Every structure is written in C-alpha cells, then in structure tokens.
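Okay, structure first, notes after.
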Amino acid sequence: MIDVLIAGAGPNGLMLACELALAGVHPVVLERHAAPTGESRANGLVGQVVRLLDRRGLYTRLSGEGTPPSPQPAFTFGAFPLDLTMLADNPHYVLGVPQARLEAALAARAAELGVDLRRGHEVVDVCQHPEAVEVRLADGRRLTCRFLVGADGGRSTVRRLAGIDFPGVTNDRSISRIATVTVPDSFLDPGTGGLRVPGYGVVPPFQHTRTARGLIAWAPFPGRPAILITHERELFAELLRKPEVTGHIAALMSGADTRYPADPADPLAGRCAPDVVVHGEHGPKRLAELTRAARPLLLDSRGAYAEVTAPWRDRVDVVTGPLQGTTATALLVRPDCFVAWSAWSAGDIGDTGDTATLRAALTHHFGLPQ
C-alpha cells in the first residue's frame, strides 16, 4: 500500500512530496500530463515561501545567486506603492522565477530524494475505505493509499470527489489586466529596457509605476514575450505612509501574520523563526543551513538544555553556540521552521520555568520522550 498519494505535480504537489521524503515518508506523485507543459502560469514567489526555499537549500538553485534572500525594499498594494524600507522587520521576500522553471527544480529535487513521480496518470474516481483510500485512474488501473492529497489545481478533481466545497466569490468588475505582449522596437528604451509610452514617458522595467490613472508594470523577461500589467481602485495613499499600516499589509501579503496556537507568554512561539546565525564549534551557520534535513531543531546559546532534550534526541537535533539575530537564549524550531518554544532568561535555567515549558513543547510537538 502507498503511504501518501499526491495528485498533481505542480509546485504544491512537488514541494509536499519533497517535505514528506525528508520526513521518511515515501510518497507517489501522479500527474495527468505526460510531460511538463512549459506554461508560464506564474512568474515568481512572494512572501515566506521564499525563506522556506532558502531553508531547504533550493533558493540558490532558483535564483542563481550565492547570497541568501533579502527583503524587498518596495512593492505594490491596490495600485499603490509600498515603501517597505520604513519597516524595522521587513517580512516581504520576492523571487522572480517562471513556474515552469520552479516545477523543473522541484521535480529534480524530488528525484534526488527518491520520490516516485508518475506522469500521464489521471485520477478520475476516489473511494474512501475505513483504513485506506482507493483511487481509480483514467486507464482503469486502481491504486490504494493510506492518504490522498489533492494538489491538482483550482478545479481539483480530488476536492470535487471528496465533496469539499469551494464556491468562490466573483463579480464582473475589472481591476487589473495582464497580457503577454509584443511591442515594436521603437517603443523600447535602449538605455533602461523600459517601455516608452506616448504622452507619458518611459516606464522602467520590473517596477510598479503609478500614474494619474492607476498603475502600470512592464516586465520584459529575457527569452520569452514580455508582460504588461495595468491596475485601476482608489485607495488610502496617506495611510500607507504610516509604518504600522504598511507593516500590517506587508505581513498579510507575505504570510508573516500567521501565528499557530502557542503559549501567549512566549513572544516567538507559533511564529516563523528569525534568520538567526549560530556560532558553533564548526563556525557560524545560518538557520537555513541547519534546516535542510527538515528535522526539529533546538538552538541553545548556552548549552543549558542538553539534559532536558536528551529523551527526544532521536527526533530533535541540538546545535549549541551563541545566537546572532535574536535576543532569545534558545529556540525550539519545528520542521516547517516555525518556533515551537523560546527561552529568554538571563540567569540559570529553571528560574523562569524554562525546563518545564520546554518539556511540554517537546511532548506536544514531537511526542512522548524516548
């Protein structure tokens, strides 16, 4: 019997397959297309997913750069520019990569991890049994699995067969237009690569330019047709000059507003882990270098929690050394790089109940002690 069957070899299905493989699960991915389509349905990634790719060693593959990702200094919201340089902790990361190249990189990583990817296999029916799920394919074959995941797009067959409602909300208003375009060379600015617009001037490439009528973006991707985007909706321009408003919007767009249930007294628990650097015995290591295996991780600046963590050492890795990039003295990081527990005490452990809360967090997230 297959442990996990994933329908759909898009970015979500392939990334999930990689994560499961890192956790020791052997998934099978089914894709109805016999070969990658090469279609460019998206042109980049925005938000915390960029940091996660970095923490799995995939960012440099996609960016072609040897440096870690940096927050975006500016973006747009509702046709208005967002100045993100005013934020003390900017959560907004961007990685420009066509979906076809993203899928190719994820498929290559899945193959490295031993994922079984089967193309030309379309799911047409699902039958739920008490201990398993039976899946029927378009060619009549049947597969049995313990878990079935629908990662087969907005018109998901798995979701429909499972009876999961997804009504959506729509109207006939148009707020933006996106088109793949070809323009005469006379409309291109040779110095900047921008678009010359009669009566306006040059629209710079890969930026959001606000005009009296709305917003325009010109994206002349190399090796493929350019994309032109226009936006129209009046909004609150003066509010966007306030850091608290811009910070709130940036967190919403990037997914940094997510906080899982945790001890309300713990300021980091339930939040995405900061990009700390651990200065251990083998030199400085970024958190992204320590999370490639997707295992739970305890970062202990003082080596004070080794005895507490010992009964979980079969599941939790421990790295000891001063922490740079946070004022916490220890962090327990989940495989998804969210913080499960943090310590802030300056004195001896036990003074603030750190050991008790750490044991509780270890048990809650990673099971009973060995």
Side-chain angles (χ1 to χ4, degrees), residues 15 19 22-23 45-56 58-59 68-72 75 82 84 86-95 243-278 285-302 305 308-309 312 315-319 321-346 352-366:
M15 188 68 185
E19 292 292 285
L22 288 171
L45 300 169
V46 176
Q48 298 301 289
V49 66
V50 178
R51 300 174 79 187
L52 180 60
L53 290 175
D54 180 39
R55 290 169 177 178
R56 293 295 187 261
L58 293 168
Y59 177 80
S70 300
Q72 194 79 357
F75 207 68
L82 288 179
L84 301 176
M86 69 175 72
L87 303 181
D89 184 17
N90 182 0
H92 208 64
Y93 293 78
V94 174
L95 174 61
E244 59 270 27
V245 176
T246 296
H248 178 69
I249 292 173
L252 287 173
M253 291 195 302
S254 64
D257 63 319
T258 300
R259 180 169 187 178
Y260 293 104
D263 181 357
D266 190 327
L268 280 182
R271 299 187 182 278
C272 187
D275 288 321
V276 298
V277 176
V278 185
K285 294 286 186 181
R286 297 174 53 234
L287 179 63
E289 299 175 85
L290 300 171
T291 54
R292 305 288 166 84
R295 282 177 56 84
L297 184 66
L298 178 69
L299 306 180
D300 187 354
S301 65
R302 299 176 295 165
Y305 298 97
V308 179
T309 316
W312 285 269
R315 285 154 279 172
V316 180
D317 295 335
V318 178
V319 179
L323 303 182
Q324 176 186 343
T326 180
T327 54
T329 56
L331 295 172
L332 180 63
V333 182
R334 304 184 336 180
D336 61 0
C337 295
F338 274 71
V339 176
W341 168 91
S342 65
W344 301 76
S345 58
T352 61
D354 286 346
T355 55
T357 57
L358 175 56
R359 287 193 185 95
L362 288 164
T363 302
H364 175 74
H365 290 280
F366 312 121

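Everything numeric here is computed off the predicted structure, so don't read it as measured data.
- For the atom pair CZ of Arg292 and CZ of Arg55, the computed distance is 11.0 Å after rounding to the nearest 0.5 Å.
- Proximity of Arg286 to Pro68: side-chain heavy atoms (C-beta onward) are separated by under 4.5 Å at one or more points.
- Atom CZ of residue Arg271 and atom CZ of residue Phe338 lie 10.0 Å apart, to the nearest 0.5 angstrom.
- With values rounded to the nearest 0.5 angstrom, Thr291 atom OG1 is found 9.0 Å from Glu289 atom CD.
- Side-chain contact check for Leu323 versus Val278: some heavy-atom pair is nearer than 4.5 Å.
- Closest approach of Ala269 and Ala340 over heavy atoms only: CB-O, 3.9 Å.
- One finds the CG atom of Leu287 at 6.0 Å from the CG atom of Leu299 (value rounded to the nearest 0.5 Å).
- From Arg302, atom CZ reaches atom OG1 of Thr329 across 4.5 Å, with rounding to the nearest 0.5 Å.
- For Ala273 against Val339, the heavy-atom pair with the smallest separation is CA-CG2, 3.7 Å.
- Annotation for Gln48 and Tyr93: closest pair NE2-CD1, 4.4 Å, computed over non-hydrogen atoms.
- Remark: of the listed residues Leu297, Leu332, Val333, Leu332 is the sole one forming a side chain to side chain contact (heavy atoms under 4.5 Å, CB included) with Val316.
- Minimum heavy-atom separation, Leu268 to Ala328: CD1-CB, 4.4 Å.
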Audit row: Leu362, Trp341, side chain to side chain contact (heavy atoms under 4.5 Å, CB included) steps and yes/no: CA-CA 9 Å; Leu362 288 164; Trp341 168 91; over 6 Å; no

Criterion side chain to side chain contact (heavy atoms under 4.5 Å, CB included) on Thr246 and Met86, from CA distance to verdict: CA-CA 8 Å; Thr246 296; Met86 69 175 72; 4.0 Å; yes

Intermediate values then yes/no, side chain to side chain contact (heavy atoms under 4.5 Å, CB included), Met15 and Leu52: CA-CA 11 Å; Met15 188 68 185; Leu52 180 60; 4.2 Å; yes

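- You'll find the side chain of Trp312 stays beyond 4.5 Å of the side chain of Pro296, heavy atoms only.
- Residues Leu82 and His92 have side chains not in contact (no heavy-atom distance under 4.5 Å, counting atoms from C-beta outward).
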Derivation and outcome, side chain to side chain contact (heavy atoms under 4.5 Å, CB included), residues Cys337 and Arg51: CA-CA 9 Å; Cys337 295; Arg51 300 174 79 187; over 6 Å; no

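- Contact detail for Thr326 and Pro274: the closest heavy-atom pair is CB-CG, 4.4 Å.
- Contact between Asp354 and Tyr305 at its shortest, heavy atoms only, is OD2-OH, 3.1 Å.
- Distance alone, capped at 3.5 Å, is enough to place a donor-acceptor pair between the Asn90 side chain and the Gln72 backbone.
- Going from atom CD of Glu244 over to atom CG of Leu87 covers 10.0 Å, rounded to the nearest 0.5 Å.
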